Amino acid sequence: MPNVSQDEILAPLNEQQRIAVTQLDGPLLILAGPGSGKTRVITHRIANMIAHGISSYSVVALTFTNKAADEMRTRLKRLAPDNHAWTGTFHKFCSKLLRRHAELVGLAQNFTIYDMSDSKKVMKQAIENADVDLKHYSPDKLSSQISNVKNNGVTAEYFQPRPGHALDAIVGKVYPEYQKLLKMANGVDFDDLLLHAVDLLRQSPELRETLDRSFTHMMVDEYQDTNLSQYQLIRLLNHSVQNLAVTGDPDQSIYGWRGANINNILEFEKDYPNVGIVRLEQNYRSTQSILRVADQLIANNVRRKKKELRTDNEAGQPVRLVTFPSPQDEAIDIADSIALAIQTGERRARDFAVLYRANWLSRALEHALRSVGVPYQIVNGHEFYQRKEIKDVIGYLHLLNNPRDNVAFERVINTPPRKIGKVTLGRLRRYAQDKNLSMLDAARHCQQIDAISNAPTAKILQFVAMFDRMAYLPTDAVEPVIRVVLEETGYRDWLTDDGSEEGFERANNVDELVVACQEFDQERPEDGGLEAYLEQAALVSDTDVWESEADHVTLMTLHAAKGLEFPSIYIVGLEDGILPHERSSGDDDEIEEERRLLFVGITRAKRDLQISRCMNRFRRGSYWPSIASRFLMELPRDQMQVFEPIAQQYDDSTFADSIDPMDPWMHDGLPSYDVNDDLISEREDQVKESPAKATNRPTFPRLVTAAQFAAEQEALLSDIRLHPESYKIGMDVEHPDYGIGRILTLTGEGQKRTATIEFAKLGKKRFRLAFCNLRAV
DNA sequence: ATTCGCAAAGTTTTT
DNA sequence: CTTTGCGAAT
C-alpha cells in the first residue's frame, strides 16, 4: 500500500499545524496547548518527511511513556504504512543504545534495570560500605539527592561537594560506592539509563558523530518535562545535524520534582538561535466553560509564557464546584452520578475519569464504585510488579539473565526458605566484595569460606546446583523459563503450602505472571526473549497498563492523566495539604507546579467537569477539618455552578454527649446549599426536591442511593449470571460472543474477580467476572 | 533460622 | 488506618 499523498497529509490541519508539519529542516519549537492536536502534528509531520523522500529509518521520535509512543506509532502507520521511524521512550532509547555499547561504560550487555525498591537496597548497602553516619538524613533522602545529582548529568567521578554542605559531603562518599555496587552487579537504575547514555556519547565522539548523522530528524514530545540528562542527550544527537522539533507546553510541566527543567523549553530559542516557533492555541477538546476555568487558574502563574486558549466548541455546561462533608459523601455522590448516567444510557463507564493528587485518595472512590456496581480501573501499573511474590519470581528471572545481579541473588537465595540466614549471607557478601566476585560466584566457592560452616555450605551449594540446572534453558521465550523456575524452586507450591487464603491469592498472581509471559512470547516472537521481557517489565509506566478500550471508569493520579482526555472528569480532594500538597507548599515555584497539575487535570475534560473538596478528611487515624485549597479561590466562581454548604451554625444540640464533634456525619443542618441563581440546572432541581433524611446524618443531595442502585443491579443480573465466587479453574463456560471456553486463571475478589479464559477459536481473553455474561456449560 | 508481635512512623507525584 | 521495621521468643 502506498503512503498517503501530500494533500491527505495537510488537508485536516489548521494553519498553524500546517506550518509545523511543513517545516521539516532546522530546529523547531512547537508550543502546543492542551487539546491542540499535538499528536496529529507529530504524526503528520513524520508522514510529510517520508513524502519528501526522507528515509524513515533516520527518524526518531522520543516520548515519556510507551502509551504515547504506541499511540504515535499506530496513527503514523495509518498515514505511512511501511515506515520504520523509531518511536519510543527516552529510557528505552537509552537502554537500546547501552545494550549495544555496554562495555564502553563498564557494563555487560545483559545488565539489569533496577526499580526503585531494588536500587534502595543497593543504596543501603552503599551507605553501610561508605561507613557514613546518617543521623540527620534518611536513606530515602539520600536516594533522592543522588537521583537529583544524576538528573543533572553529574557522574560520580565529576561530583564535587559544595564546601560546608553536610548532605553534599555524604553524597560525595556514598554516590561512588553506590555506583561501584551497581557496576559490580551489572545493574543500572532508571537515572543511569540516561546518564550512562550521555556518558557514552561523551566518551566516544566517533559514536556520537555516527548517531548524530544517522538520526537526521528527531522529535521530542513533552519537552517541558525533560531533565538535564535528557537535554544533554538531545543536544549531543543534534549537533552536526540540527533537524530537531520539540513539542511541549510550559503550563503542563509537572515533573520538576524529578529533575525536569522547565528552562529547557523556555530557553530553547537560545540553544538554537535560528529556531522556528509555532503556537498551537486552537483547542479541539474542551467546552468553552472548561477552558475558561483552566485559563483563569493558570493566569495566576508568573513563570510562564502567556498563551491564549481558544476553542470553537460549544459553551457547554458550567463547571461544578462542590463541597462535601466527608470523603465518603464525595465518593458516593460521584459514584451515584456516574451510575445514573450509565443507567440512563447517557454515558458509558469509559467516559469517566476521577483524578486525584495522591494514590491513597482512591480508596473511598473504589469502595463507592464497588458498592454501586460500576466497573472501574485503578491506574497504577507498579502495583502488580511490586508484589512480593511477583518480585520473587522475577528475581529468579533476573538472576538467570544476569548471574551477577546481586540484588536478585539476595532476594531469591532464601525464598522459599532454605535455611540460609542473615549471618551466612553477610559472610558471603563480605567474601564476594573482598574477592571482587559476584554473590553467585562467591556462593560457588563457599567451601573455601572459613566463616561459613558445613550445614549452610551444603545448602548454598544445593542452590548453586539448582541454578545451574536452570541456566541451561534457552531464553528466547519466557514462558518455558518461568515454568521451569516455578518447578525447580518449588516456589508456587511453597505459596500454597500453608493452605491459607492469602497463599492461594499469591499463587494466582504468579499464574497471572505466567500468562503475561505467555502473551509476551506471542506478541514478540522475533525480538522478544527473557532479556526483552525483563526490560519492558522494568520500564512500564503507570499509564501504559491503562486499558483505554475497556468499558470502565478510570481512577488515576493527576500526573498519570497527562496526555489523556475524557468526556467527563471529576477532580477530588481540592484541599490545603493535598493540592497543593503539604510536602511541596514551600516556595512559589513548587506552588506553581501544583497549580499546573490542576491545570492539567482540568484540561483533560471534554464536556463535563466537577471539582470537589471535603470539609473533613480522615487522616492519620481520625477525622480532621480540612481547609479549602487556595486554588479554589482562583477559579471564576461567578461562571461556575457552586454547591457549598451555608456556613456552619453550631447549636448546642450538635455537641450533645453522644455526639463526636469530629464526626463528619454530625455537622448540623448541612442539606441546605448555597447555589448561585443564574445557573439553575436540571441537577439542581433534583437537588432541591431531594428530601432530607430524618437521621442526624446530613444527607448530601443524592440522585439514587448506593443501596437502591446496587439492589436494582443485583435483581437485573442475578438470573443471568453466576456469582463471581462460584467460578472454578478448569470450568467450561459459554460467552455470548466468543462461544465456549475454559477458565485458566482466577484472580481478585468480588467486583475485581478476573478470569483468564481460553476459547477454542479466539484464544485467551480476560474478563471481570462481575461484568460479563458467562454461563456454565 | 524463622516467626510472631508490637511499636512507631507516615502517607506525593514516576521513568 | 495502614505499612514497615525491629526485637524477642521458639
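Naming: A, B, ... by sequence-line order, numbering from 1 per chain. Treat the numbers as computed from the prediction; the structure is a model and nothing was measured.
- Mapping A:Pro417 and A:Ile254 onto DNA chain B by nearest heavy atom places A:Pro417 at the nucleotide closer to the 5' end.
- Residue contacts shown for A:Asp191 are absent, as no nucleic acid heavy atom lies under 4.0 Å away.
- Partner of A:His581 under the side-chain contact (heavy atoms from CB on, under 4.5 Å) criterion, chosen from A:Glu590, A:Glu593, A:Glu594: A:Glu594.
- Between the OH atom of A:Tyr114 and the C1' atom of B:dT15 there is a distance of 18 Å, rounded to whole Å.
- Closest to the A:Arg258 side chain, of the nucleotides C:dC1, B:dT13, B:dT15, is B:dT15.
- Each of A:Thr557 and A:Phe618 has a nearest nucleotide on DNA chain B; the 5'-most of these lies closest to A:Phe618.
- A:Tyr255 comes within contact range of the sugar-phosphate backbone alone, with a heavy-atom separation under 4.0 Å but no base atom that close.
- Among the nucleotides B:dA1, B:dT11, B:dT14, the one closest to any side-chain atom of A:Arg583 is B:dT11.
- Salt bridge annotation for A:Arg619-A:Glu582: present, with a cationic side-chain nitrogen under 4.0 angstrom from a carboxylate oxygen.
- Within the 4.0 angstrom heavy-atom criterion, only backbone atoms of the sugar-phosphate kind lie near A:Asn414; the bases stay farther away.
- Note on A:Phe190: a base of the nucleic acid sits closer than 4.0 angstrom, heavy atoms only.
- In this structure, of B:dT12, B:dA1, B:dT13, it is B:dT13 that holds the atom nearest to the side chain of A:His559.
- Looking at the side chain of A:Arg363, the nearest of the listed nucleotides B:dG10, B:dT13, C:dT2 is C:dT2.
- Between A:Lys121 and A:Glu410 there is no salt bridge, since none of the side-chain N atoms of the basic residue sits less than 4.0 Å from a carboxylate O of the acidic one.
- The A:Arg357 side chain lies nearest to B:dT12 when the options are B:dT2, B:dA1, B:dT12.
- If you check B:dT14, B:dT11, B:dA1 against the side chain of A:Met116, the one that comes closest is B:dT14.
- Both the sub-6.0 Å distance and the 45° axial angle are not jointly satisfied by A:Arg596 relative to the ring of A:Phe599.
- Checking A:Gln109 against A:Glu531 by side-chain atom types alone, a donor-acceptor pair falls below 3.5 Å.
- Counting only heavy atoms from C-beta on, A:Lys124 has its side chain closest to C:dG5 among B:dT2, C:dG5, B:dT14.
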